[in-house]
Every structure is written in C-alpha cells, then in structure tokens.
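I have placed the structure first, in the form of structure tokens, so that the comments after it can refer back to it.
Because the structure is predicted, anything quoted here is derived from the model rather than measured.
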Amino acid sequence: MQRRVISSATAPTVVPRRRVVRCGLSVTGFGLCALFYCLTYTPSLLPRPWFLQGVVAGLTASFGYAGGTAIGAVVRLRWWPSRRAERVAWRMLFVLVPPLVLLFLWLGTRWQREVRVRLGLPPQQEYDLIRTVGISLLTFGMLLLLARCLRLAAHGFARLFGRLVPESAAYCAGFVVVTLISYTAFDGLLVSNLYTSADRSAAVTDSGTGNGVVRPASVLRSGSSQSLVSWDSLGRQGRNFVTKAPAADQLGAFAGRTALDPIRIYAGLSSADSVEERAALVVREMDRTRAWDRSVIAVFTPTGTGWVDNDVPSSLEYMYAGDTALVSMQYSYLPSWISFAVDRSKVVDAASALITAVRERWAAMPATDRPKLLIFGESLGTYGTEKTFGTAPAMVDGADGILLEGPTFANPIHQQLTSGRAPGSPVWDPAYPRLPVEFSSEFHELRDLAVRPRVVYMQNSSDPVVWWSPSLLWHKPQWLRGERGPDVTPAMHWYPVITFWQTTVDLLFANKAPIGHGHVYKSGAVDGWAALAPPPGWTVADTLRLRALLDN
C-alpha cells in the first residue's frame with residue numbers, strides 16, 4: 001500500500017489569531033495598584049465616612065493600576081521579561097499583597113479612630129470596614145471595565161486602520177482616535193453639562209428664599225419697604241443676611257443694657273448692573289440708614305454664593321449691643337470652589353469696589369467722629385480682601401481691624417507673611433513680629449495677646465482649604481514637617497500624588513467638621529473680634545459667654 005506524502009509546502013499555514021484585548025492583569029499595574037490602595041488608608045486631615053473612603057480607595061487603586069500598566073509598557077519597549085520572570089513576580093505579589101492589605105486595613109481603622117478622637121467625633125462602627133472594602137472593590141472593578149472597553153475600542157480602530165497603514169501607525173492612530181473621543185465625551189458631555197447644571201441649579205437656588213425668611217419690617221435693613229435695594233434683587237444669601245440679625249431685646253439681654261436695632265445692608269447681583277454700581281448703592285443705603293453714626297462699620301466679603309456665616313456678624317452685634325452697621329455685596333451665586341477655579345477676578349472686583357467705596361467715605365469723616373472700620377473675609381473672601389490691599393502694610397493701615405478666616409493657598413499676602421515668619425515658628429501658627437499681624441490655629445490663643453493686632457488670620461491646622469496646593473503632588477509641605485498642628489495626627493505623612501489626592505478629598509467635607517476643625521470657624525469669630533476691636537470693658541468671660549450663646 002502506497003503511502004501519500006503531503007508536502008509541507010502545500011500544507012496550509014496556521015496563523016495565530018491576534019488577541020484583541022489581553023484578559024490578564026498587568027503585573028506592574030497590579031503591584032502599584034496594591035501599593036496605592038494601601039496608602040489610601042493612611043490618615044489625612046479629616047476623617048471620612050465609610051462610603052467616601054471606599055470610593056476614594058477604589059479610585060486611588062485605579063490610578064495606581066493605570067500608572068503601573070504604563071510603566072510596564074515602557075519597560076517592555078526595551079526589555080521583554082521572560083515567562084518565568086513574570087511568574088516569579090506574580091508569586092511574590094500573591095505572597096506579599098494580602099498581608100500588606102490586611103495590615104493597612106487594620107492600621108487605617110486605628111488611624112481613623114485617632115483622627116476622629118482629635119476632632120471630638122464618635123468612633124466608626126467595626127462593620128464599616130467591611131462595607132468600605134466592598135465599595136472600593138466595586139469602584140475599582142467598574143473603572144477597570146471602563147478602561148478595558150476603551151482599550152478594546154483602540155484595538156478595533158487599529159485593526160481597521162491596519163488595512164491602510166503599517167501596524168505601528170495603525171495602533172497610534174487608534175489610540176489618538178479613542179483619546180479624542182474620550183476627551184470630547186468627558187469635556188462636552190460631562191464637564192460642560194456638569195458646569196451648566198451647577199450654574200442652573202445655583203441660579204434657581206439663588207432666586208429662592210430660605211424657610212422662615214420674610215421681608216424685614218425694620219427700615220434699617222436692605223430689602224425693607226424704604227430700602228433702595230429691592231427684596232427680590234437680594235438673592236437667597238442676601239435675604240438671609242439682612243433678616244437673621246438678632247433682635248434688639250436679645251442683644252440687650254446679653255449686654256445688660258438697652259440695645260439698638262442693628263443695621264444690615266446688602267446688594268445682590270440683580271440689585272445693580274455692575275460691581276461699581278452695587279458698591280455705590282450700598283453706600284447710599286448706608287447714608288439712608290445713618291450707618292456712619294454707629295460705633296462700628298464692618299465690610300464683609302462673602303463666599304462664592306454670597307453667603308456670610310451668620311455667627312460672624314451676629315458676634316459683632318452682640319459685642320456692641322447692636323451699635324453696628326454691617327454691609328456686604330454678592331459677586332456670584334456659584335459655590336466658592338467653582339468661582340475659585342473658573343474666575344477669581346469676580347471676588348477681587350467686588351471686594352475692591354465695596355471696600356474702596358466704604359473706606360473713601362469713612363476716610364473723609366473727621367478722625368474724632370469716625371466709627372471703627374472692620375473688614376471680614378472667609379475662604380474665597382480672604383483672597384478678594386488681600387488682592388484689594390495688595391501688600392501687608394497696606395492691609396494693616398487700611399482699617400481698624402481685619403479678620404480673615406480660612407485663607408486659600410493662592411492668597412498672596414498670606415504666602416508672603418508665612419514665608420517670612422520668625423525662625424522656629426511653625427507654618428500652621430507663624431509669628432510675624434514686623435507687623436501687627438496675628439495667626440491663630442486655636443481660638444484661645446487670641447485671648448492673652450500682649451499687643452493688639454490689626455490683622456488676624458484664623459486658620460485651623462486641619463483646614464484643607466488652607467493647606468491644599470497643587471505642589472502637594474511632588475513636594476512635601478511645611479505643615480507636614482516637624483511638629484504637626486494641634487488637630488493633625490503625627491501618623492500623617494507625605495506621599496507623592498497620594499497626599500495631594502487625599503487633601504483634595506478632604507475639601508469635600510471641610511465644612512462638615514466640628515467647630516474649630518476643618519473649614520468651620522463659626523463662633524470662633526468672637527475671639528477674633530475680641531482680639532482686634534473689643535468694646536470697652538470686654539473680658540475673656542464675655543467671650544466665653546457669647547461663644548456659648550452662639551453655639552446653642
């Protein structure tokens with residue numbers, strides 16, 4: 001029987017099918033992912049709810065996986081590891097990662113408990129850790145799936161372009177196309193829509209009125225029947241500002257004498273067409289209410305929405321038994337973080353217009369007849385106040401007292417004073433003896449000052465608004481060198497990228513911390529006003545009594 005021999009030349013060639021997307025994980029990506037996941041449980045400035053911690057851990061792990069995958073891809077351009085080397089690497093990760101993750105989960109629980117104790121918060125429940133891990137894995141899985149879908153799309157475009165151009169050019173073209181589509185979707189559909197939605201929502205909120213807020217009957221308030229400013233033009237925060245002043249009988253009961261009905265004046269965005277016209281309108285309102293006859297005039301630069309923390313003006317009114325005239329002006333209805341990111345010039349223009357208009361009229365009065373001129377700014381308002389004066393000496397000479405709470409990293413005068421602080425003084429509580437400027441990281445520090453300051457900065461050492469900066473990405477900050485602030489745990493350390501990300505997350509809940517921590521100052525303003533411009537006979541006991549009243 002003759003055997004048939006099939007020539008190898010005529011046998012069909014089997015071409016291995018190219019995988020469109022790799023199913024396995026990247027060893028470098030998994031390693032960096034595990035490291036980032038562990039570091040996200042290290043302490044930050046503020047404690048976090050279990051759900052937020054889970055989302056943050058999942059996002060951070062995905063950042064690590066993306067970075068590790070990119071590093072692995074770059075390494076493979078010069079050296080492709082053998083299968084044996086890859087198996088050894090995976091075995092090492094399987095041995096090291098589980099105990100490392102368990103260790104950091106345990107340490108993270110202890111660190112969170114310590115941070116919460118420092119802030120006077122109750123400890124978390126034990127089962128919160130299980131929920132945190134579950135949310136983190138879900139978040140990471142969803143982001144990994146999204147990344148794989150984008151990679152699949154890039155390979156699909158590359159195979160399509162591969163019919164026309166060489167393989168390397170096809171893969172570059174596929175990557176570029178998917179990148180452009182992703183950017184367009186993110187920028188057009190997500191960022192723009194989110195901004196538009198936020199703008200629309202803020203506008204609707206600004207047009208509304210808070211519960212229990214009604215048009216004031218007192219002619220000493222903007223929006224009243226005799227006011228030059230219409231009630232409807234004040235905006236939501238302006239209506240809150242003019243109506244939430246304490247009544248004269250409340251002020252009198254605290255002061256132990258007859259009190260005056262306090263003056264509160266406000267101009268909203270719709271009150272006039274420009275910032276200059278709104279500032280002029282405020283001055284005319286001051287003329288109408290005879291504000292210049294009061295003992296104290298205070299100018300408030302609000303936050304982005306036009307909000308002024310009512311504890312701050314109320315504290316002045318209680319201290320002076322209503323012998324006050326407080327003025328403010330809206331420059332935006334967007335939250336401060338959006339105003340800060342999009343257009344800081346609005347707060348600068350508004351603060352400059354109002355402070356300048358009031359100061360010019362005040363400076364024209366005889367020195368013996370002038371009321372005390374005080375200026376206040378919080379958060380973004382501190383930035384506008386500093387930019388109005390330009391230099392520290394000008395700010396010192398610009399008023400009888402300036403109180404600034406929670407200054408931002410972009411504040412130019414704050415940066416100058418901090419960098420030029422006295423040797424040995426910490427960045428979170430600097431000393432600047434060349435000017436009557438005082439920094440306070442704890443309210444009680446202001447009660448025993450030997451020299452009365454003209455400018456007071458109140459900055460909680462756990463306030464992420466004060467300490468956040470883009471340089472946290474690559475540079476260890478001064479506030480994490482040496483001795484920590486009074487409410488910052490010694491267990492907090494700087495890690496590239498991680499600390500920047502964690503401090504950014506802290507911003508989300510900065511206003512939810514207890515008084516004296518995070519970005520919450522409230523009744524602490526009493527200590528600030530008492531240090532700057534106390535009424536005659538004011539004592540520390542009065543400060544404590546007023547703070548207790550405002551905190552109830």
Side-chain angles (χ1 to χ4, degrees), residues 16-42 55-105 133 136-162 165-183 185-186 472-474 494-502 504:
R17 186 175 182 180
R18 181 186 296 273
R19 290 184 295 174
V20 175
V21 61
R22 187 172 61 184
C23 296
L25 296 174
S26 163
V27 62
T28 52
F30 183 78
L32 199 58
C33 163
L35 177 61
F36 274 38
Y37 184 81
C38 291
L39 291 179
T40 198
Y41 286 96
T42 57
V55 173
V56 170
L59 283 169
T60 309
S62 67
F63 297 158
Y65 184 80
T69 302
I71 292 173
V74 171
V75 170
R76 284 193 296 272
L77 291 176
R78 304 297 299 269
W79 172 73
W80 193 279
S82 65
R83 299 289 294 177
R84 182 175 180 276
E86 192 171 355
R87 285 195 299 270
V88 170
W90 274 114
R91 289 171 182 169
M92 290 178 62
L93 289 176
F94 285 149
V95 171
L96 296 176
V97 167
L100 186 66
V101 169
L102 290 175
L103 173 63
F104 272 85
L105 290 175
V133 173
S136 67
L137 294 177
L138 179 62
T139 302
F140 176 76
M142 293 175 62
L143 292 174
L144 181 62
L145 177 62
L146 176 62
R148 288 298 177 94
C149 290
L150 292 176
R151 181 174 177 177
L152 178 62
H155 278 272
F157 279 113
R159 289 167 66 87
L160 180 63
F161 295 147
V165 297
E167 183 180 30
S168 58
Y171 273 90
C172 288
F175 174 80
V176 169
V177 169
V178 171
T179 300
L180 290 175
I181 293 175
S182 301
Y183 174 79
F186 180 79
L472 284 173
L473 277 167
W474 64 85
W494 177 78
Y495 304 98
V497 180
I498 296 294
T499 303
F500 168 83
W501 170 239
Q502 291 209 354
T504 301

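Y41 approaches A57 most closely through the heavy-atom pair OH-CB, 4.0 Å. Between G68 and T28, the closest heavy-atom pair is O-OG1, 2.7 Å. Of all non-hydrogen atoms in S62 and L143, the two that sit nearest each other are OG-CD1, 3.3 Å.
Take F36 and apply the ring-ring contact (aromatic ring centres under 6.0 Å, His included) test, not counting sequence neighbours, and it matches no residue. Every residue meeting the side chain to side chain contact (heavy atoms under 4.5 Å, CB included) condition with L103, not counting sequence neighbours, appears here in chain and number order: W106, L107.
Atoms OG1 and CG, from T69 and L144 in turn, are 8.5 Å apart once rounded to the nearest 0.5 Å. Taken to the nearest 0.5 Å, the CZ atom of F140 stands 4.0 Å off from the SG atom of C33. Note that the OG1 atom of T40 and the CG atom of L35 stand 11.0 Å from one another [nearest 0.5 Å].
Between F500 and W474, the distance from one ring center to the other does not fall under 6.0 angstrom.
C38 is listed as a side-chain neighbour of V101, based on a closest heavy-atom distance under 4.5 Å. Side chains of V27 and L93 form a contact here, defined as non-hydrogen atoms less than 4.5 Å apart.
The side chain to side chain contact (heavy atoms under 4.5 Å, CB included) with W501 is formed by just one residue from the set L473, L472, V56; it is V56.
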Legend entry - Candidate pair Y495 and T42, rule side chain to side chain donor-acceptor pair (under 3.5 Å), full reasoning: CA-CA 10 Å; Y495 304 98; T42 57; 5.3 Å; no
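Using cut-offs of 30° and 60° on the angle between ring planes, the pair W90 and F30 is tilted.
Checked by atom type, the side-chain pair Y37/S136 shows a donor-acceptor distance below 3.5 Å.
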